Amino acid sequence: MVFKDCLVGFKELRPLVHLLLPLFFHWIAEEMTVSVLVDVLTSALCPGQTTCSEVIYISGLQQMVNMGNSCFAYLIRTRVKKFAVFSFHVVGIFKMVVLPLLGQLADEYGRKPLLLITVSTSMFPFAVLACNQSRDAVYVYYVLRTISFILSQGSIFCIAIAYAADIIKEENRATAFSWITGFFSASHVVGNLLARFLPEKYIFVVSIALLIFGSVYMYFFLVETVERVDKRERDSTFLTKIINVTRKRYESMRYAAVVVFRSPTLKVISLVSFFYELGMSGISSVLLFYLKAVFGFNKNQYSEILSVVGIGAIFSQILVLPLLSPLVGEGVILCLALLASIAYGLLYGLAWASWVPYLSAAFGAIYVLVKPATYAVISKGSSSVNQGKVQGFIAGVQSIASLLSPLAMSPLTSWFLSSDAPFNCKGFSIIVASVSMMIALCFACLLKPAEKSGHDPEEEIEAPLLGES
């Protein structure tokens with residue numbers, strides 16, 4: 001029976017090969033730089049130190065700040081924290097617009113061009129570190145990486161999920177989505193193995209080569225699934241075209257929000273996504289620096305821990321989720337995965353010995369199921385013509401959470417790692433982040449199976465917008 005289900009999984013995967021292969025190389029290239037970045041950035045900004053508050057602050061602010069090179073460099077050099085609050089409001093709104101916008105454009109102009117744009121942005125920041133690892137080069141890296149995050153972080157997944165929804169039947173989408181996230185986990189394992197055994201001076205060079213290969217492969221082999229409709233505009237001025245495009249984007253954004261908030265399923269899953277991302281992104285933004293400061297972990301220990309998570313995640317996403325989903329449904333899987341994420345965070349925050357982080361990492365094999373289960377709930381709760389819009393809108397909600405969390409996590413982590421901490425609990429910030437995931441679990445328990453009638457009311461909302469062209 002298991003073997004038969006595995007064969008079904010492989011059969012479902014076949015139409016996605018030309019999507020998964022370039023993404024696999026892209027994710028390997030991204031992951032292999034993670035463990036070495038901590039040492040490179042700490043050495044450049046705080047030479048000779050094991051912990052660096054400046055790096056922790058910048059890594060958190062990187063998710064919030066995109067105010068231009070001069071402003072960003074000024075923030076880094078002077079550490080004006082009140083500027084971070086101002087930049088948060090600007091970039092939070094910008095990020096909230098970008099992800100839904102990319103989802104809309106993927107629905108209208110095709111998945112392939114949007115995927116090509118998003119996957120190619122990672123080349124440039126890594127190219128800077130491949131050439132130079134000085135203090136100034138690190139500042140340039142942070143600026144370019146921030147721009148790359150805004151364009152690609154979250155958007156690659158939501159567009160890839162929309163692509164899969166175009167070619168996979170609804171009853172098999174959970175399996176397809178788990179294969180996508182399973183390949184993502186497999187890329188973590190391969191990337192960490194490369195980081196473990198490759199000399200540090202070659203890591204960024206190999207990463208750039210893989211990024212280029214993935215983009216070129218996608219350009220030549222990925223088949224577009226959206227049929228573009230040519231709309232010939234009558235003679236109009238440049239200003240009129242700008243106004244029309246802006247109005248159309250606003251209407252499309254408003255429509256996506258209406259679809260989400262009118263659907264009980266989509267509304268609840270958006271809250272689940274927000275609080276889960278608030279907690280998990282907060283932990284991810286400081287975890288490696290926390291482990292370095294408390295237990296003296298280096299590149300090798302980082303790779304080992306990330307490999308533990310990756311190996312378990314491959315098994316659970318490629319084998320376990322496709323077997324469990326038809327039996328218990330995505331809602332039950334989501335709740336179990338959220339429970340595992342809470343245990344993951346609490347064990348890291350309360351770690352009393354260097355072996356505890358390895359135990360915590362073992363829960364990664366379960367909590368990684370949050371993403372494919374969430375994608376499946378969203379996909380089933382939205383119509384076929386709105387996959388990109390809805391996935392993009394909820395990805396925008398997640399991005400707001402990922403921008404909010406470092407605002408609290410970075411200073412809180414730095415405070416409790418310092419000698420000025422009010423009490424001895426170096427992982428207190430990670431425990432606080434776990435509370436956010438507890439809230440996500442409470443909302444997940446309210447989820448009900450998405451019901452679709454033969455008459456989709458969403459189409460009525462969209463009809464006036466489609467008529468305006």
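Here the structure is a predicted model, which means the values were calculated and not measured.
- Pairs engaging residues 210-223 under the salt bridge (charged side-chain N to carboxylate O under 4.0 Å, His left out) rule: none recorded [sequence neighbours left out].
- Ser316 is listed as a side-chain neighbour of Val368, based on a closest heavy-atom distance under 4.5 Å.
- Listed by chain and number, the residues in a side chain to side chain donor-acceptor pair (under 3.5 Å) with Tyr219 amount to none (sequence neighbours excluded).
- Partners of Ala444 according to the side-chain contact (heavy atoms from CB on, under 4.5 Å) rule, which considers only residues two or more places apart in sequence or in another chain, are Val272, Leu334, Cys335, Leu338.
- A search for side-chain contact (heavy atoms from CB on, under 4.5 Å) contacts involving Phe274 returns Leu278, Val397, Ile400, Ala401, Leu404, not counting sequence neighbours.
- Nearest heavy atom pair, residue Pro22 against residue Val17, reads CD-O, 4.3 Å.
- In this structure, Tyr375 and Phe157 have parallel ring planes: the angle between them is below the 30° cut-off, well short of the 60° mark.
- Summarising the geometry of Leu210 relative to Ala29, their closest heavy-atom pair is CB-CB, 3.8 Å, with the distance given to 0.1 Å.
- Listed here is the closest heavy atom pair of Ile394 and Leu266: CD1-O, 4.3 Å.
- In this view, Glu330 and Lys380 satisfy the salt bridge (Lys or Arg N to Asp or Glu O under 4.0 Å) rule, not counting sequence neighbours.
- The side-chain contact (heavy atoms from CB on, under 4.5 Å) test applied to Val223 returns Tyr163, not counting sequence neighbours.
- Listed by chain and number, the residues in a ring pair (Phe, Tyr, Trp, His ring centres under 6.0 Å) with Tyr344 are Tyr348, Tyr367 (sequence neighbours excluded).
- The aromatic rings of Phe183 and Phe24 sit perpendicular, their planes meeting at an angle over 60°, well past the 30° parallel limit.
- In this structure Thr225 satisfies the side chain to side chain donor-acceptor pair (under 3.5 Å) test together with Asp166, sequence neighbours excluded.
- The ring pair (Phe, Tyr, Trp, His ring centres under 6.0 Å) check on Phe315 picks up nothing, with sequence neighbours excluded.
- For Ser187, there are no side chain to side chain donor-acceptor pair (under 3.5 Å) partners two or more places apart in sequence or in a different chain.
- Note: Trp27 and Phe184 have perpendicular aromatic rings, judged against thresholds of 30 and 60 degrees for the angle between ring planes.
- Here the closest non-hydrogen pair linking Ile366 and Ala337 is O-CB, 3.5 Å.
- For Gln398 (side chain) and Ser273 (main-chain N/O), no donor-acceptor pair under 3.5 Å exists by modelled atom type.
- Inter-residue side-chain proximity for Val128 and Phe124 is flagged as unmet; no heavy-atom pair is nearer than 4.5 Å.
- Here Gln317 pairs with Thr181, Ser185 under the side chain to side chain donor-acceptor pair (under 3.5 Å) rule; sequence neighbours left out.
- For Ala160 against Leu115, the heavy-atom pair with the smallest separation is N-CD2, 4.2 Å.
- Residues satisfying the side-chain contact (heavy atoms from CB on, under 4.5 Å) test with Ile342, not counting sequence neighbours, are Leu346, Met437, Met438, Leu441.
- Proximity of Tyr217 to Phe25: side-chain heavy atoms (C-beta onward) are nowhere separated by under 4.5 Å.
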